[in-house]
Visitor: 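Got a structure for you, questions after.
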Amino acid sequence: MINPRDLLAQALPGLAVHDAAVRLAEIREELDTAVGLARAAGASWTVIGNAAGLTRQSAHERWGAAFPTPPPRSTDVTTRSTR
């Protein structure tokens with residue numbers, strides 16, 4: 001007869017690895033989203049790399065295809081008088 005404690009001891013490490021892998025996938029998705037938002041806001045690869053603990057080049061290699069250079073922001077400010 002199989003001891004239930006032995007089965008549990010065998011299953012727990014696998015469950016722990018599975019749970020950690022799920023959390024890692026969620027965190028990677030969160031990081032990708034943050035990088036996309038940073039690029040859309042005009043952040044450079046240097047800024048993103050520094051924040052992620054990577055070089056500029058490594059950050060660009062990792063996310064550059066998914067988040068290409070955003071269009072330049074206009075510096076023209078047009079205001080209308082309410083008078």
Side-chain angles (χ1 to χ4, degrees):
M1 183 168 178
I2 299 174
N3 182 340
R5 286 185 184 205
D6 290 340
L7 288 175
L8 188 58
Q10 290 174 356
L12 285 178
L15 291 173
V17 169
H18 174 267
D19 290 348
V22 168
R23 288 192 311 273
L24 179 60
E26 292 169 351
I27 293 301
R28 283 184 175 155
E29 186 175 329
E30 184 178 336
L31 179 58
D32 290 347
T33 298
V35 169
L37 292 171
R39 289 296 292 161
S44 69
W45 289 117
T46 300
V47 168
I48 292 169
N50 287 340
L54 303 170
T55 64
R56 173 206 58 81
Q57 183 175 354
S58 293
H60 183 262
E61 287 173 359
R62 180 168 177 177
W63 293 293
F67 306 108
T69 304
R73 291 196 247 174
S74 174
T75 56
D76 296 336
V77 177
T78 305
T79 58
R80 292 207 292 181
S81 175
T82 56
R83 291 192 238 173

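Values below: all heavy atoms of this structure, side chains included; hydrogens, waters and symmetry mates excluded. If you read the sequence from its start, that first residue is 1, and numbering goes on from there.
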Visitor: Minimum heavy-atom separation for Asp32 to Phe67, with atom names?
Guide: O-CZ, 3.3 Å
Visitor: Measure the NE2-CZ distance between His18 and Arg23 for me, rounded to the nearest 0.5 Å.
Guide: 11.0 Å
Visitor: Should the pair His60 and Trp45 be assigned to parallel (<30°), tilted (30 to 60°) or perpendicular (>60°) ring geometry?
Guide: perpendicular
Visitor: Does atom CD (Glu61) have a neighbourhood of more than 12 heavy atoms from anything else shown, all under 6.0 Å?
Guide: yes
Visitor: Which heavy atom in Gly49 sits nearest to a heavy atom in Ala59, and how many Å separate them?
Guide: CA-CB, 3.7 Å
Visitor: Is it the case that one hydrophobic cluster holds both Val35 and Leu54, taking links as side-chain heavy atoms less than 4.5 Å apart, direct or via other members?
Guide: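 Yes; Leu54 is reachable from Val35 via cluster members.
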Visitor: Going from CD on Glu29 to CG on Leu24, what distance comes out if it is rounded to the nearest 0.5 angstrom?
Guide: 12.0 Å
